[in-house]
Amino acid sequence: MHTARYETGPSGYHSFPAHGTFAAQSQPPGYGTLTPPPLPPSTPVRGSRAGMTVLIALAALFLVTTGIFVTLFLIAASDHTKTVTQLDDRQRQLTELDDRVAAAEADRKRAEERNTAVKSANADISGCVKAMQHYLWDGLAEAQRTAAARDLLTKCK
């Protein structure tokens, strides 16, 4: 019996006769072209458990990190809502205070105007009061009394 040998080249396996051309011609039909034996099934790599453990640990870490960030986001959203509500309350209070300040300012201006009017009237009346005090209590003689009465009439119009 003749044996064939296999050699690999850039295009795959090729069969070559063992002893020249005679050996290839002496083979029965169907034996001229030999195919390489099938490859054995692939076996898992030994380091795959360690790799799988690392992947599971990373996935768990990512899951926990995602949970933390979602929690932080929800807390921040709640804090934001509370802060916006407080801001709206403060703005409403400030608006009310601005209205009160404007009303107080208007009251102050009216009081100043009344004060100015009272001071003016007081200045006018004080001249009249002094003239009346001079006429009544200074014990004037008849001629002085007549002059004081004229002065009283001019100042107390």
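Atom CZ of R114 is separated from atom NZ of K119 by 14.0 Å, given to the nearest 0.5 angstrom. With rounding to the nearest 0.5 angstrom, the CZ atom of R150 is 15.0 Å from the NZ atom of K155. Distance check, rounded to the nearest 0.5 Å: NZ of K130 to CE of M132 gives 15.0 Å. Rounded to the nearest 0.5 angstrom, D138 CG and R145 CZ are separated by 10.0 Å. To the nearest 0.5 Å, atom CD of residue Q93 and atom CZ of residue R100 are 10.0 Å apart. Put simply, CG on L58 and OG1 on T53 are 11.0 Å apart, with the number rounded to the nearest 0.5 Å.
In this structure, the side chain of T83 engages the main chain of D79 through a donor-acceptor pair within 3.5 Å.
L152 and Y135 get closest at one heavy-atom pair: CD2-CD2, 4.3 Å.
A heavy-atom distance below 4.5 Å is found between the side chains of H134 and L140. Between D124 and S120 there is a side-chain heavy-atom pair separated by less than 4.5 Å.
Using a 4.5 Å cut-off between side-chain heavy atoms of Ile, Leu, Val, Met, Phe, Trp and Tyr, with links allowed through other members, F69 and L61 fall into different hydrophobic clusters.
Environment of CZ in R90: sparse, with no more than 12 heavy atoms of neighbouring residues, nucleotides or ligands closer than 6.0 Å. Counted within 6.0 Å of CZ on R108, heavy atoms from surrounding residues, nucleotides or ligands total more than 12; the atom is thus considered enclosed.
Remark: E96 engages R92 in a salt bridge, criterion side-chain N to carboxylate O under 4.0 Å.
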